[in-house]
Novice: 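Before we start, here is the structure in question, set down as structure tokens.
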Amino acid sequence: MRTCPWKCVVLLLAAFFTLSALIYGRYDLDFIYSDGRVIQQRLLTVTDSSLPLYKESGEATTAPPEDEQQVMPCSLRQTVQQDPLLQQRFNFSVPVLQWAGHSSVGEWQRLQLYPPPYGWKGLPWDVVNSTLALLSDPQSSSRLLEHVGPRPCVRCAVVGNGGILRGSGQGGAIDAHHYVFRVNGAVTKGFEEDVGTKTSFYGFTTNTMKNSLISYRAAGFLRVPQGQGIHYIFIPSDMRDYRMLAAAIRGAPVTSGEDRGDLPSTYFGQNPSVHQFKLLHPDFITYVKDRFLKSPLLRMMYGHLYMPSTGALMLMTALHTCDQVSAYGFITDNYKDFSDHYFDMVKKPLVFYANHDMQMESRLWEQLHTRKVLWLFKRPSEE
Ligand SMILES: *[C@@H]1O[C@H](CO)[C@@H](O)[C@H](O)[C@H]1NC(C)=O
Ligand SMILES: *[C@@H]1O[C@H](CO)[C@@H](O)[C@H](O)[C@H]1NC(C)=O
């Protein structure tokens, strides 16, 4: 009898899980599997639908971050400069944002060699150029923080959506930072005590934003954070992001592609200012991947789908923008004791997919925490 070679097994499983993913309401890219381990973990999630209700827990057992941050040096850049290992990794000269200043024939020739999010391959020049042309103010388009002149130690909190935050009581500590970054399904209503209310930056791809609005609606994520003080950080993972961004700045519906007809005001509110829109630079995403998150997944079957997670890109963005960074709701080594998200009504295990390497991200946050480049919120496991 002819046996199924491993490639065929993987394809069959991929087809099975794609179906399951659709049935179980996963609309994102996160359904591709690279190896047995990943498939195994997904299998657990699919079959394990009757886990007990998520247990409400008491206060966080760790000290509030203010205590530790007093001993954290201000300016993580100094910390990096004093550590030869960190110096090899960090390069604060890589541009974080792309804007009109990057629109040139030379840049086009260089960046059209790499597919998004690492470059502009496959994107029509007029889409890239006309989008970047809208980001024309060097003051606001090329920089995240528009503050000029001498500044105090700028403290930023980056809030991931991890279940570790549920029952953590960290809302006040998070809101006490100068700037708060949030991502994707960042529900705050009903979770103020644990995650705070302030949002300065909201990071996403058009795909993850729209998926979050569908998948986490029941959890209360009814709209993207809106208001004058909120800035939107687009991750350019696809042509959709350039088109959505251009439409949002113009205040007009998206005219072509998958999101054709979408009204940007649905997502970003009425009459947002151009200053509220930021676009990550492909070079920055490439740098984050090559220097910090060069995952073995890149060499696997679905390696072309791999990229750092939205949370990882926002945390790295904060590290290249702020003087002090605290990370809340990011994966820790005891992640298995917490639900996938803080807003899950029923405890769901965190699932690993081939398009992100959460284990590698977890090790990176731990290392940066140990070396005092950032402060990572951790909690002991319950019981
Ligand atoms: C840092 O990044 C800049 C801008 O991309 C580049 O010109 C420079 O060579 C990089 N330096 C190092 C040491 O990698
Ligand atoms: C890029 O777009 C700007 C603004 O629309 C236009 O003036 C310029 O000619 C375009 N550049 C190229 C090389 O197409």
Side-chain angles (χ1 to χ4, degrees), residues 75-145 233-237 239-257 264 273-275 277-295 298 307-308 312-323 325 364 367-368 371 373-374:
S75 181
L76 61 95
R77 291 184 190 212
Q78 261 172 30
T79 312
V80 168
Q81 265 156 26
Q82 286 156 7
D83 186 328
L85 209 106
L86 293 173
Q87 250 183 339
Q88 285 175 13
R89 304 277 200 99
F90 280 87
N91 180 352
F92 294 103
S93 307
V94 176
V96 175
L97 301 176
Q98 53 176 332
W99 65 293
H102 295 117
S103 192
S104 70
V105 176
E107 283 296 88
W108 173 253
Q109 279 165 353
R110 186 175 69 81
L111 285 168
Q112 69 162 343
L113 299 176
Y114 315 101
Y118 307 113
W120 295 335
K121 189 173 179 171
L123 306 178
W125 163 247
D126 65 311
V127 171
V128 174
N129 182 48
S130 62
T131 304
L132 295 188
L134 297 166
L135 297 165
S136 59
D137 177 8
Q139 214 41 261
S140 79
S141 301
S142 72
R143 314 202 310 194
L144 227 45
L145 306 181
I233 305 181
F234 282 71
I235 298 169
S237 72
M239 177 134 64
R240 292 173 69 186
D241 301 301
Y242 289 86
R243 286 192 167 130
M244 180 64 77
L245 175 58
I249 295 174
R250 291 189 180 116
V254 180
T255 52
S256 52
S273 139
V274 60
H275 305 287
F277 296 98
K278 316 279 182 183
L279 180 60
L280 284 193
H281 199 295
D283 285 352
F284 183 70
I285 304 174
T286 304
Y287 152 77
V288 169
K289 174 195 59 141
D290 288 347
R291 296 276 186 98
F292 300 93
L293 292 167
K294 199 160 194 167
S295 168
L298 279 160
M307 65 182 280
L313 287 171
M314 283 308 111
L315 190 41
M316 294 309 292
T317 297
L319 289 173
H320 288 75
T321 305
C322 314
D323 298 313
V325 174
L364 175 61
Q367 283 165 10
L368 295 178
R371 289 173 186 268
V373 178
L374 56 73

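In this text the structure is predicted, and so the values were computed from the model without any measurement. Computed from heavy atoms alone, side chains included, the values below leave out hydrogens, waters and symmetry copies. All ligand and atom numbering here is 1-based and tracks the order in the structure.
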Novice: If we only consider heavy atoms of W108, is any one of them less than 4.0 Å away from an atom in ligand 2?
Specialist: no
Novice: CD1/I235 to NZ/K278 distance, rounded to the nearest 0.5 angstrom?
Specialist: 15.5 Å
Novice: May I ask you to check whether W125 has an N/O atom sitting below 3.5 Å from an N/O atom of ligand 2?
Specialist: yes
Novice: S93 to ligand 1: N or O pair under 3.5 Å?
Specialist: no
Novice: Is atom 14 (O) of ligand 1 close to the protein, meaning a heavy atom under 4.0 Å from it?
Specialist: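 Yes, because at least one protein heavy atom sits under 4.0 Å from atom 14 (O) of ligand 1.
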Novice: Considering residues, nucleotides and ligands other than Y114, do more than 12 of their heavy atoms fall under 6.0 Å from its OH?
Specialist: no
Novice: In the protein, what heavy atom is nearest to atom 6 (C) of ligand 2, and what distance, to one decimal place, separates them?
Specialist: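 Checking every protein heavy atom, the shortest distance to atom 6 (C) of ligand 2 gives N129 ND2, 4.1 Å.
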Novice: Just to confirm, does any protein heavy atom lie below 4.0 Å from atom 9 (O) of ligand 2?
Specialist: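 No, no protein heavy atom sits under 4.0 Å from atom 9 (O) of ligand 2.
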Novice: Should R89 and D83 be marked as a salt bridge (charged side-chain N to carboxylate O under 4.0 Å, His left out) after you check the CA-CA gap, both sets of side-chain angles, and the distance that decides it?
Specialist: CA-CA 10 Å; R89 304 277 200 99; D83 186 328; over 6 Å; no
Novice: Any side-chain to backbone donor/acceptor pair from Q98 onto L280? Under 3.5 Å, distance only.
Specialist: yes
Novice: Hey, is Q87 one of the residues with a heavy atom under 4.0 angstrom from ligand 1?
Specialist: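 Not so, Q87 does not reach ligand 1.
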Novice: Nearest to atom 4 (C) of ligand 2, what protein heavy atom do you find, and at what distance?
Specialist: A133 CB, 3.8 Å
Novice: Considering only the protein, which heavy-atom contact is closest to atom 12 (C) of ligand 1, and what is its distance?
Specialist: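 The closest one turns out to be N91 ND2, 3.4 Å.
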Novice: Verify the distance criterion only: is there a donor paired with an acceptor across the side chains of S256 and R243 at less than 3.5 Å?
Specialist: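 Result is yes, a qualifying pair exists.
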Novice: Start with the C-alpha distance between L76 and L374, add both sets of side-chain angles, then the distance that settles side chain to side chain contact (heavy atoms under 4.5 Å, CB included), and finish with yes or no.
Specialist: CA-CA 8 Å; L76 61 95; L374 56 73; over 6 Å; no
Novice: Do L368 and L319 touch side chain to side chain, with heavy atoms closer than 4.5 Å?
Specialist: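 When only atoms from C-beta onward are counted, L319 and L368 do touch, with a gap below 4.5 Å.
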